[in-house]
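A short write-up of the structure that comes next.
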Protein chains: 2
Amino acid sequence: MKSQRSDCPVSQSLDVWGDKWSLLIIRDLMFAKQLTYGDFLKAPEGISTNILATRLLQLEEHGLIEKLDHPDSKAKVLYRLTGKGIDLVPVMIEINLWAEKYFTIPADRKAMLKEVKKDKDGFIKAGMKELRKG
Amino acid sequence: MKSQRSDCPVSQSLDVWGDKWSLLIIRDLMFAKQLTYGDFLKAPEGISTNILATRLLQLEEHGLIEKLDHPDSKAKVLYRLTGKGIDLVPVMIEINLWAEKYFTIPADRKAMLKEVKKDKDGFIKAGMKELRKG
DNA sequence: TGTTTGCACTTGCAAAACGCAAGCAAACAT
DNA sequence: ATGTTTGCTTGCGTTTTGCAAGTGCAAACA
């Protein structure tokens with residue numbers, strides 16, 4: 001997915017994160033703020049190591065995530081969302097709301113979405129602010 | 001993308017429409033309400049015929065779109081969004097808003113997003129209502 | 001200080017998905 | 001009756017995916 005298929009905003013977006021794994025990586029970073037390579041591998045979907053490496057690189061190249069030195073060790077690498085990545089929070093929330101309506105989802109997610117529905121704009125704004133703090 | 005990877009709402013959503021083409025098909029139906037097989041092929045991204053057939057079938061199986069008899073001819077088939085598909089409008093809008101911030105997008109889309117930003121909830125509600133009318 | 005462990009990737013290879021081109025059957029138009 | 005349109009299907013080469021094993025460097029351990 002390297003070249004642009006059209007100038008449609010949806011198409012261009014999909015060219016960046018429209019695959020099976022990228023949004024899951026972004027999801028993990030939205031919940032955790034900072035993760036190591038190994039942390040991503042622990043996600044329940046079970047991404048394989050080569051795919052993860054490729055996706056992390058592409059997301060970094062597209063400016064959605066960035067690498068960070070780990071404070072404890074040079075052997076570890078931290079990944080976090082950039083502003084461009086954080087700006088996907090509204091998309092992520094809407095996906096969750098859609099999924100809640102049509103799938104069976106975990107209780108903790110349901111609880112989160114209950115909060116979202118009380119004040120969607122407020123929830124999103126607060127979440128994004130928190131992510132920007134680091 | 002046949003089996004469920006996890007019970008995460010994002011993951012489950014991606015299992016349904018998380019490929020390179022599905023959201024573009026849904027986009028086309030949101031703009032046009034009803035389209036024939038041949039109409040989809042005219043989209044600027046240039047989906048190939050076998051992929052289109054596969055995606056249409058999967059989207060129908062997942063209940064996002066449905067087939068409809070064409071009033072003019074038995075040789076033609078009409079596709080349109082179901083309620084489940086129409087409910088993706090908020091996701092689609094947020095994707096457009098994100099893309100507008102980071103990509104160069106066509107003027108007509110920009111004009112549409114200007115309307116969106118005046119009253120997002122109102123725009124979405126009206127758009128979904130219009131789609132439900134048929 | 002030598003060795004083992006942990007972490008972040010690479011590499012090899014088989015399987016699946018993709019994508020172009022051609023083909024095909026059922027309407028439909030003339 | 002014949003040619004065209006429409007909605008797919010089929011073949012086949014290329015690309016992407018996914019599992020498993022391997023590599024290199026840093027830290028921890030003995």
Side-chain angles (χ1 to χ4, degrees), chain A residues 1-6 11 14-26 28-29 32 34-62 64-81, chain B residues 1-6 11 14-26 28-29 32 34-62 64-81:
Chain A
M1 217 173 285
K2 31 191 60 152
S3 65
Q4 193 186 72
R5 288 179 291 171
S6 83
S11 170
L14 293 177
D15 287 343
V16 172
W17 47 260
D19 66 274
K20 208 171 159 181
W21 294 107
S22 293
L23 272 188
L24 297 182
I25 290 171
I26 291 165
D28 289 346
L29 286 173
Q34 298 187 162
L35 292 171
T36 65
Y37 183 90
D39 291 332
F40 291 111
L41 295 176
K42 292 172 197 154
E45 292 82 14
I47 190 171
S48 53
T49 59
N50 53 347
I51 307 288
L52 176 58
T54 310
R55 289 291 166 272
L56 287 173
L57 188 61
Q58 291 175 348
L59 288 174
E60 195 187 358
E61 285 172 351
H62 282 112
L64 300 192
I65 67 174
E66 60 190 354
K67 279 186 178 184
L68 209 61
D69 285 344
H70 192 107
D72 298 354
S73 156
K74 270 190 184 173
K76 293 184 184 176
V77 183
L78 276 178
Y79 290 93
R80 74 171 170 198
L81 292 171
Chain B
M1 218 173 284
K2 28 191 63 154
S3 65
Q4 192 188 69
R5 289 178 290 170
S6 82
S11 171
L14 293 177
D15 288 342
V16 171
W17 49 259
D19 65 275
K20 209 172 158 181
W21 294 106
S22 294
L23 272 186
L24 298 182
I25 291 172
I26 291 165
D28 289 345
L29 286 173
Q34 298 187 163
L35 291 171
T36 64
Y37 182 89
D39 291 332
F40 291 110
L41 295 175
K42 292 173 197 153
E45 291 84 13
I47 190 170
S48 52
T49 60
N50 54 346
I51 307 289
L52 176 59
T54 310
R55 290 290 166 271
L56 286 174
L57 188 61
Q58 291 176 347
L59 288 174
E60 197 189 355
E61 286 172 350
H62 283 112
L64 300 192
I65 67 174
E66 60 190 352
K67 280 187 178 184
L68 208 61
D69 285 343
H70 195 288
D72 297 354
S73 156
K74 269 190 186 173
K76 294 183 184 175
V77 182
L78 277 179
Y79 291 92
R80 75 171 169 197
L81 293 170

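Quick caveat, the model's predicted, so the values are computed rather than measured. Heavy-atom basis, side chains included; hydrogens, waters and symmetry copies ignored. Every chain is numbered from 1 and lettered A, B, ... according to where its sequence line falls, protein lines coming before strand lines.
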A:Trp21 side chain near D:dT17 phosphate (N/O to OP1/OP2, under 4.0 Å): no

Determine which nucleotide pairs with D:dA30, using a 3.5 Å limit on both distances of a Watson-Crick or G-U wobble pair. C:dT1

For the pair made of CD1 in B:Ile51 and C1' in D:dC12, what is the distance, rounded to whole Å? 14 Å

For atom CZ of A:Arg55 and atom P of D:dT16, their distance in whole Å: 9 Å

Take the protein atom CG of B:Leu35 and the nucleotide atom P of D:dT6, then report the distance between them rounded to whole Å. 14 Å

Sort and list the pairs that fulfil salt bridge (Lys or Arg N to Asp or Glu O under 4.0 Å) and have at least one residue in residues 48-61 of chain B, not counting sequence neighbours. B:Asp19-B:Arg55

B:Glu60 CD to D:dC8 C1', in whole Å, measures 13 Å

Would you mind reading off the distance between B:Leu24 atom CG and C:dC18 atom C1', rounded to a whole angstrom? 15 Å

Tell me the interatomic distance from B:Asp19, atom CG, to C:dC18, atom P, rounded to whole angstroms. 7 Å

Taking the side chain from B:Arg5 and the backbone from A:Lys20, do they hold a donor-acceptor pair closer than 3.5 Å? yes

Whole-Å distance separating the NZ atom of A:Lys20 from the P atom of D:dT17: 9 Å

Going 5' to 3' through nucleotides 5-12 of chain C and flagging B where a protein heavy-atom sits under 4.0 Å of the base, S where only the sugar-phosphate is that close, and - otherwise, we get --SSBBBB

Distances under 3.5 Å between protein N/O atoms and the N/O atoms of nucleotides 28-30 of chain D, please, pair by pair.
none

Whole-Å gap separating C1' (C:dC18) and CG (A:Asp15): 15 Å

Any donor-acceptor pair under 3.5 Å linking the side chain of A:Tyr37 with the backbone of A:Thr49? yes

Spatial distance of atom CD1 (B:Ile25) from atom CG (B:Asp39) [nearest 0.5 Å]: 12.5 Å

For A:Lys74 and for A:Ser48, locate the closest nucleotide of DNA chain D by heavy-atom distance; then report the residue assigned to the nucleotide nearer the 5' terminus. A:Ser48

Heavy-atom count around B:Asp69 CG within 6.0 Å, excluding the residue itself: above 12? no

